[in-house]
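Note sheet for the following structure.
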Amino acid sequence: MGSMAQKSVLMLCGEFMEAYETIVPLYFLQAFSVRVHCVSPGRKTGDKCVMAAHDLLGLEIYSELVVDHLTLNANFDEVIPEQYDAIIIPGGRFSELLSTDEKCVSMVARFAELEKIILTSCHSQLLLAAAGLFARGIKCTAFESMKPFIELSGGAWWQQPGIQTVFDITDCVMDGKFISTLGWPTLGNTLKVLLESLGSKITCSKENQSSLLFVIGDCVEDYSINVPFKAFQALGCKVDAVSPNKKKGDKCATIVHDLEEGRQLPTEKTSHNFYVTVAWEDVSVDDYDCIVVPGGRSPELLVMNDKAVGLVKKFVEEGKFVAAIGMGNWLLAATGALKKRCASGYGTKVAVKVAGGQIVESEQCVTDDKLVTAATTSDLPAFVHALSTALGLSVVF
């Protein structure tokens, strides 16, 4: 999996940016050797920006939950737009602040002038309005509250028709070099469009489409389900999520672990809901190439469930690929998947050992035959890279 010429993307960040719309594209692009610089006005390398989860939690409008922080890896004042292939502006309230910042508005206008790719999500289309770019008549979508501002600015509003459930929200809009999306539900397709726009070619060494099944429960770690789930959707795979006690369309609560200064362990925070895509009774091992167990606290729930343990065992017995992130090793330990295998993990070192496996602490992600494991959510770029390689997928620019 490689890149003939490394691509570079700028991510414009700020306080209370949407966590999902930030982390998923960041880790996905890094998985395929795209250099991503995260910057924010008035901030420098090493500074942090608060991220928030935005989801419908029973009120008339979405709720905002503070989840964790993103550490910036570049300086805003040193940005040279000519050195990047694209700019990504996640959704979130920070876009309101940045739309009044002359340097930010000028930067977005410069990317447009250079005919670079500009990806906006949810509310960040406000930056396009501030830069006067909708005067070109750009076709655009966003969170529906943005419709009047897009039209008043000269843009052409587009909304995906026929939406009945959250599973129907899949489409983004590309008009010239402008990619716009309603928000995080569309990220699988949005990342696919972004890759294509950057000139990538996705190939698979296998004749049939690769397929992955994620087994989850309440308190699954947000990023360790959402990053690989959306990443493999973007790569053209069939991707499903199942939970032993839930039906298709039911919600699984997710969590994020935020390591605060001075603490030995991270603080657990409530994050987005994740929607189960297939009913348990409709799952057939024959329909999938790989089973993935994300981290968080859901593996503790699943290891007590005979159906979940039995499902993973079937994948192992049939020689399918098995993958886990963080505490996902807890479930694998109960299934025989770790016996005489090397795995990555920190808090699961004892579980791996008593299951007959060996922890490799020096690597972010470990592949041992058909077992792929990653230690933490920060290792997700390496995990997506390793698992896609194992499944015969390749991304070349």
Side-chain angles (χ1 to χ4, degrees), residues 1-13 18 20-39 79-91 95 107-125 127-128 131 133-134 136-142 150 155-158 160 169-204 227 229-237 381 384-385 388 393-397:
M1 179 144 343
S3 175
M4 296 178 63
Q6 187 180 33
K7 298 292 183 177
S8 295
V9 172
L10 184 70
M11 184 173 286
L12 190 55
C13 305
E18 221 294 325
Y20 193 179
E21 295 169 22
T22 302
I23 294 297
V24 174
L26 172 62
Y27 284 175
F28 177 71
L29 292 172
Q30 289 178 335
F32 301 108
S33 301
V34 177
R35 181 178 59 192
V36 184
H37 285 162
C38 301
V39 301
V79 170
I80 301 174
E82 286 82 354
Q83 296 179 351
Y84 297 92
D85 298 288
I87 184 171
I88 297 174
I89 314 173
S95 58
M107 182 182 292
V108 173
R110 181 58 178 161
F111 269 83
E113 183 182 353
L114 294 168
E115 297 186 341
K116 305 284 188 176
I117 299 163
I118 300 178
L119 170 58
T120 55
S121 179
C122 199
H123 290 74
S124 64
Q125 292 82 344
L127 271 294
L128 303 183
L133 298 176
F134 283 125
R136 305 179 181 189
I138 298 169
K139 183 167 70 172
C140 183
T141 192
I150 289 171
W157 173 256
W158 181 89
Q160 181 182 340
I169 306 173
T170 57
D171 290 350
C172 63
V173 173
M174 185 164 190
D175 187 352
K177 296 292 184 177
F178 297 90
I179 304 172
S180 59
T181 175
L182 177 151
W184 54 258
T186 73
L187 275 172
N189 188 47
T190 300
L191 292 175
K192 179 177 181 290
V193 171
L194 178 61
L195 272 189
E196 293 171 348
S197 302
L198 289 170
S200 73
K201 182 179 181 181
I202 303 169
T203 61
C204 183
V227 171
F229 194 92
K230 292 299 183 183
F232 284 98
Q233 280 186 332
L235 295 176
C237 300
V384 170
H385 181 280
S388 58
L393 295 162
S394 178
V395 178
V396 178
F397 292 95

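Computed from heavy atoms alone, side chains included, the values below leave out hydrogens, waters and symmetry copies.
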Under 3.5 Å: donor-acceptor pair, side chain of Ser124, backbone of Thr120: no
N/O donor-acceptor pair under 3.5 Å between Thr186 side chain and Thr181 backbone: no
Residue pair Ser95 / Leu127: nearest heavy atoms and the distance that separates them: O-CD2, 3.5 Å
Residue pair Met11 / Pro25: nearest heavy atoms and the distance that separates them: CE-CG, 4.2 Å
Side-chain (Gln6) to main-chain (Ser33) donor-acceptor, under 3.5 angstrom: yes
For Gln160 against Thr170, the heavy-atom pair lying closest together: OE1-N, 3.2 Å
Heavy-atom donor-acceptor pair, Glu21 side chain to Trp184 backbone, under 3.5 Å: yes
Check: Tyr84 main-chain N/O paired with Lys116 side-chain donor or acceptor under 3.5 Å: yes
Main-chain N/O of Thr141 paired to Ser180 side chain as donor or acceptor, under 3.5 Å: yes
Side-chain touch Leu235/Phe32, heavy atoms, less than 4.5 angstrom: yes
Flag, side chain of Lys230 to backbone of Pro185, donor-acceptor distance under 3.5 Å: yes
Intermediate values then yes/no, side chain to side chain contact (heavy atoms under 4.5 Å, CB included), Leu10 and Phe111: CA-CA 10 Å; Leu10 184 70; Phe111 269 83; 4.0 Å; yes
Side-chain heavy-atom pair Leu12, Val39 within 4.5 angstrom cut-off: yes
Shortest non-hydrogen contact from Ala142 toward Trp157: O-CH2, 3.3 Å
Donor-acceptor pair, side chain of Asp85 and main chain of Ser8, under 3.5 angstrom: yes
Contacts of type salt bridge (charged side-chain N to carboxylate O under 4.0 Å, His left out), residue Arg136, not counting sequence neighbours: none
Pairing residues for Glu115 by the salt bridge (charged side-chain N to carboxylate O under 4.0 Å, His left out) criterion, not counting sequence neighbours: none
Separation of Ile88 CD1 from Thr190 OG1 (nearest 0.5 Å): 10.0 Å
Euclidean distance, Glu18 CD relative to Cys122 SG, rounded to 0.5 Å: 7.0 Å
Minimum-distance pair of heavy atoms, taken over all atoms of Ile150 and Gln125: CD1-CB, 4.5 Å
Check: Tyr27 and Val384 side chains under 4.5 Å, non-hydrogen atoms: no
Polar side-chain atom of Asp175 near backbone of Lys139 as donor-acceptor pair, under 3.5 Å: yes
Shortest non-hydrogen separation from Ile202 to Ala234 and the atoms involved: CD1-O, 3.9 Å
Residue pair Cys237 / Leu393, side-chain heavy-atom distance below 4.5 Å: yes
